[in-house]
Amino acid sequence: MRDAYDEARIAYHSELQVVRTSTVKDIAHQGRLLTLLNQREHGARRGLIVSGEWTTGKTTALKQLGRLHELRVRQRYPGSDRIPVVYITAPPKGSPRKLAMEFARFLGLPLIGPRHNTIDVTSAVCQVLIEARTDLVLVDEIHLLNHATIAGEDLSDHLKYFTEHLPATFVYAGINVEQSGLFTGIRGKQLAGRCVLVRTGPFPLNAEWRSLIASMENTVRLHRHEPNTPVKMAKYLHQRTGGMIGSLSHLIRAAAISAILDQSECITRATIKSIRIDHSSESTGQGRASSLPRTG
């Protein structure tokens, strides 16, 4: 019985708990504004691009935007068979067919074979999305689309076809898209002229950082945990993670699971120190620590 209980808690802590950061709120607000502005737009619709470094919460913010939009639509049209939101990732070394297949997979369209060409798949996808009244399309990993390459241009043209044939707002997210080649050439300039850009980044060591730690700590389910322990380690946690929300989330969730596994049922500084996180944050943290002046 206890084993099943602990397994359920481990599963709970392994799931990312969304924290409403200022960035998540801004992206949700900008996304909603655009969906409202685009409702009756018959020309080129405005879009949103979320750009930032690794583990700065881009995908989390993107999915939260989709979740909030879907909840609003479900509340407004209860019992309908709408598909308000579609979420796909830009295919690596992508082609127009691969992009169309990403949409088809999300929609659960029947098996598509080699005899179905790109136009067939694209037409089927567009028909379903129009009938389902999809009005928000989320495209992740958009940095894979490089306008400086022939493949990137082909993929961009096909994505543009979707934006022009679907009455939907397109929101993109990618790693440092300003340096990825996304805004290169005529196609890139056209995309930049149609999209609002929101940047994500590391959080400074301030009141919001402590609030983020407190919010994450409130999701922890441990029997002997001393309240505010992680908050008291705010400076140390910032040093370890470089202010990256993804790395902070990993640290706290992993520490909670570790506390269940070793039956200590509490998060301590020793527990946090024993958790390894991504190499980028660890390297940044070590560099920051070595640059601090020595005392004593």
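Proximity of a side-chain donor or acceptor of Ser249 to a complementary backbone N or O of Gly246 within less than 3.5 Å is not detected. The backbone N or O of Arg46 lies less than 3.5 Å from no partner atom in the side chain of Arg194, so there is not a single donor-acceptor pair. Distance alone, capped at 3.5 Å, is enough to place a donor-acceptor pair between the Thr184 side chain and the Gly181 backbone. For the pair Thr122 (side chain) and Thr118 (backbone), a donor-acceptor distance under 3.5 Å is present. When atom types are taken as modelled, the side chain of Glu70 and the backbone of Arg67 share no donor-acceptor pair closer than 3.5 angstrom. Using a distance-only test at 3.5 Å, with no hydrogens or angles considered, no donor-acceptor pair links the side chain of Ser156 to the main chain of Gly152. Of the possible donor and acceptor atoms, one in the side chain of Arg224 sits under 3.5 Å from a partner among the backbone N and O of Gln263.
Between Gln30 and Val196, the closest heavy-atom pair is OE1-CG1, 4.4 Å. The two residues Val50 and Ile27 make their nearest non-hydrogen contact at CG1-CD1, 3.7 Å. Nearest heavy-atom pair across Ser258 and Ile275 is CB-CD1, 4.3 Å. Nearest heavy-atom pair, Trp209 versus Leu205, reported as atom, atom and distance to 0.1 Å: CD1-CD1, 3.5 Å. Closest of all the heavy-atom pairs between Pro202 and Gly242 is CB-O, 3.2 Å. Shortest non-hydrogen contact noted between Leu145 and Leu182 is O-CD1, 3.6 Å.
No side-chain donor from either of Thr241 and Ser247 sits under 3.5 Å from a side-chain acceptor of the other. Judged by distance alone, the side chains of Ser22 and Glu208 do bring a donor and an acceptor atom under 3.5 Å apart.
For residues 225-235, the side-chain hydrogen bond (donor to acceptor under 3.5 Å, both in side chains) pairs, not counting sequence neighbours, are Glu217-His225. Within the structure, salt bridge (charged side-chain N to carboxylate O under 4.0 Å, His left out) contacts touching residues 3-15 (residues at least two apart or in different chains) are Arg2-Asp6, Asp6-Arg9, Arg9-Glu265.
Interatomic distance, CD1 of Ile10 versus OG of Ser14, reported as 8.5 Å (0.5 Å rounding). Atom CG of Asp157 sits about 4.0 Å away from atom CZ of Arg187, to the nearest 0.5 Å. Asp26 contributes atom CG, which lies 11.0 Å from atom CG of Leu65 (distance to the nearest 0.5 angstrom). Annotation: the span from Asn117 atom CG to Arg97 atom CZ amounts to 7.5 Å, rounded to 0.5 Å. One distance of note links CZ of Phe183 with CD of Gln190; it measures 12.5 Å at 0.5 Å rounding. Arg240 contributes atom CZ, which lies 5.0 Å from atom CG of Leu251 (distance to the nearest 0.5 angstrom).
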Identify all side-chain donor-acceptor contacts of residues 167-178 below 3.5 Å with residues at least two apart in sequence or on another chain.
| residue | atom | partner | partner atom | Å |
| --- | --- | --- | --- | --- |
| Thr169 | OG1 | Asn38 | ND2 | 2.9 |
| Asn176 | OD1 | Arg199 | NH2 | 3.4 |
| Glu178 | OE1 | Ser51 | OG | 2.7 |
| Glu178 | OE1 | Arg199 | NH1 | 3.0 |
| Glu178 | OE2 | Arg199 | NH1 | 2.6 |

Would you mind writing out the side-chain donor-acceptor pairs for residues 128-136 within the sub-3.5 Å range, not counting sequence neighbours?
| residue | atom | partner | partner atom | Å |
| --- | --- | --- | --- | --- |
| Glu131 | OE2 | Gln127 | NE2 | 3.3 |
| Thr134 | OG1 | Ile83 | O | 2.6 |
| Asp135 | OD1 | His69 | NE2 | 2.6 |

- Query: Going through the distances and angles, do Ser274 and Thr271 end up as a side chain to side chain donor-acceptor pair (under 3.5 Å)?
  - Reply: CA-CA 5 Å; Ser274 72; Thr271 311; 5.7 Å; no
- Task: Could you walk me through whether Glu164 and Lys160 pass the salt bridge (Lys or Arg N to Asp or Glu O under 4.0 Å) test, one step at a time?
- Result: CA-CA 6 Å; Glu164 291 175 346; Lys160 184 170 178 285; 2.5 Å; yes
- Item | Working for side chain to side chain donor-acceptor pair (under 3.5 Å), residues Asp140 and Thr89 | CA-CA 4 Å; Asp140 210 348; Thr89 57; over 6 Å; no
- Task: Please report the C-alpha distance between His223 and Tyr5 in whole Å, then the side-chain angles of each, then the deciding distance to 0.1 Å, and finally whether the ring-ring contact (aromatic ring centres under 6.0 Å, His included) criterion is met.
- Result: CA-CA 13 Å; His223 293 291; Tyr5 170 66; 5.8 Å; yes
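The number of heavy atoms from other shown groups lying within 6.0 Å of CG (Asp81) does not exceed 12. For CG of Leu71, the number of neighbouring non-hydrogen atoms (other residues, nucleotides, ligands) closer than 6.0 Å is greater than 12. Within a 6.0 Å sphere centred on CD1 of Ile186, other residues, nucleotides and ligands contribute 12 heavy atoms or fewer. The neighbour count for Arg276 CZ, taken as heavy atoms of other residues, nucleotides or ligands under 6.0 Å away, does not exceed 12.
Hydrophobic clustering of Ile, Leu, Val, Met, Phe, Trp and Tyr side chains at less than 4.5 Å, counting indirect connections, keeps Ile245 apart from Val24. Hydrophobic clustering of Ile, Leu, Val, Met, Phe, Trp and Tyr side chains at less than 4.5 Å, counting indirect connections, unites Val125 with Phe106. Put simply, Val85 and Leu48 are part of the same group of oily side chains (I, L, V, M, F, W, Y) that touch within less than 4.5 Å, one to the next. Ile213 and Leu222 fall within a single hydrophobic cluster, where Ile, Leu, Val, Met, Phe, Trp and Tyr are joined by side-chain heavy atoms under 4.5 Å apart, directly or via other members.
Under the ring pair (Phe, Tyr, Trp, His ring centres under 6.0 Å) criterion, Phe203 pairs with no residue, sequence neighbours left out. For Arg82, the side chain to side chain donor-acceptor pair (under 3.5 Å) test picks out no residue, with sequence neighbours left out.
The aromatic rings of His158 and Tyr161 lie parallel to each other, their planes meeting at an angle below 30°, with 60° marking the opposite boundary.
Within the 4.5 Å cutoff, side-chain heavy atoms of Tyr12 are placed close to those of Thr219. Residues Met216 and Gln17 are not in side-chain contact: their nearest non-hydrogen atoms beyond the backbone lie 4.5 Å or more apart.
For Lys63 and Tyr87, the positive end sits near the middle of the six-membered ring, less than 6.0 Å away and at most 45° from its axis.
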